[in-house]
Amino acid sequence: MRRRLARPYAITGLVAAIVGAVGAITLRIVDPVPLIPDAFGFTDLALVGFEFLGVTFASVGALLVVRRPGNAVGWCMVLIGACNALAGLTGSVTSSAVADGPAGTTIAGLAGWLTNLFVMLGGLVIGLGFIFPTGRGHTPAWDRFVRFGAIALLWMLVFLVLIRPGPLQVFATIDNPFGFGPDIRPLLGPQISTFVAASAILMVPILALSIVSRYRMSGRVGRQQLKWFILAFLVAIGGFATAGVGALISDEPPEAGLVVFGFAGALIPIAIGIAILRYHLYDIDRLISRSLGYAFVTGVLGAVFAATAIGLSALLGSFAAGDTLAVAASTLLVVALFGPLRRRAQSTVDRRFDRSHYDASRTVEALTARLRDDVDLDRVEADVLGVVDRTFHPTKAGVWLRGASR
């Protein structure tokens with residue numbers, strides 16, 4: 001059944017994401033009315049970032065659905081991507097309808113309600129960490145937790161968001177057109193979005209525990225896959241952190257954080273695609289080691305430049321153009337230190353985070369040094385085969401020697 005539905009589902013989700021992204025951006029260009037206040041502080045630039053995020057999720061998810069139809073990760077990614085992109089479109093329609101005044105009240109209510117639905121479904125991205133990379137929990141207990149969480153999310157979506165009377169979760173200025181039943185705002189506060197956000201924050205430690213547990217139980221391939229996901233997730237969370245800091249120190253909407261998360265979050269589906277399809281899977285160790293190495297070098301050189309510039313400025317303060325000389329001298333010192341410091345730092349980081357590549361490089365260098373003076377073919381053949389076996393772990397290896405020319 002999954003194989004029969006895979007291709008139509010993938011195409012439908014990808015088309016929906018593209019239509020949502022193109023429609024949202026086009027509508028904002030054609031009808032640039034002020035965006036109505038929402039729970040996240042969206043701006044036009046943040047909208048573009050999230051549309052990019054949605055299309056990327058849907059594109060990679062569609063590829064996984066077609067190539068790995070038995071893995072639920074791809075199916076969830078298509079849903080997440082399409083909903084994120086469509087949320088931008090319905091949100092833009094909501095703003096345009098509100099700008100039309102009383103004539104657009106009905107359309108604004110319906111579009112706002114759809115935005116609520118799409119935003120909640122797009123928030124399933126945090127659930128990917130519980131099922132990546134196999135599509136299910138890594139133990140029966142975690143699998144039951146995932147199923148229970150999905151059911152709980154469904155009930156929360158229906159009762160706390162879609163049919164709750166009063167203002168919509170995303171747009172507090174618009175009443176829910178499908179709301180009925182008791183008003184639960186006295187119990188959970190005037191804005192349910194606060195409750196939902198608090199629930200999401202509580203899930204982060206549980207998600208971290210799940211990933212750590214899966215990592216410890218995984219083999220070599222599983223750990224490499226998790227490294228891709230964790231690295232991309234941490235980069236994306238940096239955008240959320242920026243948004244949180246911006247909200248704490250300013251009353252303005254945290255636009256920078258939302259924009260960063262929108263574009264940086266696109267690394268998550270790309271990393272998932274690489275991990276599940278195992279395309280350049282083992283490059284993650286080099287990527288991590290290079291990132292850490294350059295981050296360390298940048299920090300040290302920045303500190304050296306600042307300290308040297310300040311010290312020389314104080315010493316040369318009595319001279320004309322003393323500040324210029326201090327900056328020039330500091331720049332030359334940093335340039336001179338860059339090469340040796342980078343090699344030293346990278347070697348240190350590789351020993352810890354890219355050990356297999358480090359050991360392979362040392363082994364090949366040692367082999368090269370031995371072969372310079374060795375003329376015994378039998379010993380050379382045994383040496384080469386031994387190095388290949390230790391470095392690449394092949395199932396079979398041999399050495400072919402071309403006969404001497406006559």
Side-chain angles (χ1 to χ4, degrees), residues 12-62 77-123 125 161 167-177 191 193 236 239-240 242-243 246-247 250-269:
T12 302
L14 180 57
V15 169
I18 294 174
V19 169
V22 174
I25 296 173
T26 302
L27 181 58
R28 291 304 302 159
I29 295 174
V30 174
D31 189 22
V33 298
L35 290 171
I36 63 175
D38 60 71
F40 306 102
F42 261 89
T43 62
D44 285 332
L45 186 57
L47 175 67
V48 173
F50 269 75
E51 294 303 321
F52 178 75
L53 174 68
V55 172
T56 306
F57 255 104
S59 301
V60 178
M77 289 175 64
V78 172
L79 177 64
I80 291 168
C83 287
N84 272 317
L86 291 173
L89 175 58
T90 54
S92 299
V93 171
T94 304
S95 295
S96 296
V98 169
D100 290 337
T105 301
T106 302
I107 296 179
L110 179 60
W113 184 86
L114 287 174
T115 304
N116 255 23
L117 173 63
F118 292 142
V119 167
M120 286 294 293
L121 292 177
V125 61
V161 178
L168 291 171
Q169 174 195 338
V170 177
F171 303 113
T173 58
I174 300 176
D175 286 333
N176 188 352
Q191 265 301 334
S193 57
F240 261 142
T242 304
S250 174
D251 294 333
E252 296 297 322
E255 177 183 2
L258 292 172
V259 173
V260 171
F261 177 75
F263 286 102
L267 294 175
I268 295 178

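We count residues from 1, following the sequence as given.
Between F171 and T94, some side-chain heavy-atom pair lies under the 4.5 Å cut-off. Put simply, the side chain of T105 does not reach to within 4.5 Å of the side chain of I174, judged on heavy atoms. With contacts defined as side-chain heavy-atom distances shorter than 4.5 Å, the pair V78/L14 does not qualify. Side-chain atoms of I268 and F57, non-hydrogen and from C-beta on, do get closer than 4.5 Å to each other.
Dense packing is recorded around CG of L267, with more than 12 heavy atoms of other residues, nucleotides or ligands lying under 6.0 Å away.
Atom CG of L79 and atom CG of L121 lie 5.5 Å apart (nearest 0.5 Å). Going from atom OG1 of T56 over to atom CE of M77 covers 9.0 Å, rounded to the nearest 0.5 Å. Rounding to the nearest 0.5 angstrom, the gap separating the CG atom in L47 from the CD1 atom in I25 is 6.5 Å.
Considering D31, V30, T26, L27 as possible partners of S92, the one that fulfils the side chain to side chain contact (heavy atoms under 4.5 Å, CB included) test is L27.
Pairs of residues two or more places apart, or lying in two chains, that qualify as ring-ring contact (aromatic ring centres under 6.0 Å, His included) and include a residue from residues 86-121 are W113-F178.
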Stepwise side-chain contact (heavy atoms from CB on, under 4.5 Å) check, L168 with D175: CA-CA 6 Å; L168 291 171; D175 286 333; over 6 Å; no
Worked check of side-chain contact (heavy atoms from CB on, under 4.5 Å) between T106 and L110: CA-CA 6 Å; T106 302; L110 179 60; 5.7 Å; no
Intermediate values then yes/no, side-chain contact (heavy atoms from CB on, under 4.5 Å), N84 and E51: CA-CA 7 Å; N84 272 317; E51 294 303 321; over 6 Å; no
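Heavy-atom minimum distance, G23 versus L89: C-CD1, 3.5 Å. Closest heavy-atom contact between V55 and A17: CG2-O, 3.8 Å. Minimum heavy-atom separation, G122 to C83: N-CB, 3.9 Å. In terms of heavy atoms, A85 sits closest to A21 at CB-N, 4.1 Å. For I36 against S95, the heavy-atom pair with the smallest separation is N-OG, 3.4 Å. Between A16 and A82, the closest heavy-atom pair is CB-CB, 4.3 Å.
Between the side chain of R28 and the backbone N or O of V48 there is no donor-acceptor pair closer than 3.5 Å.
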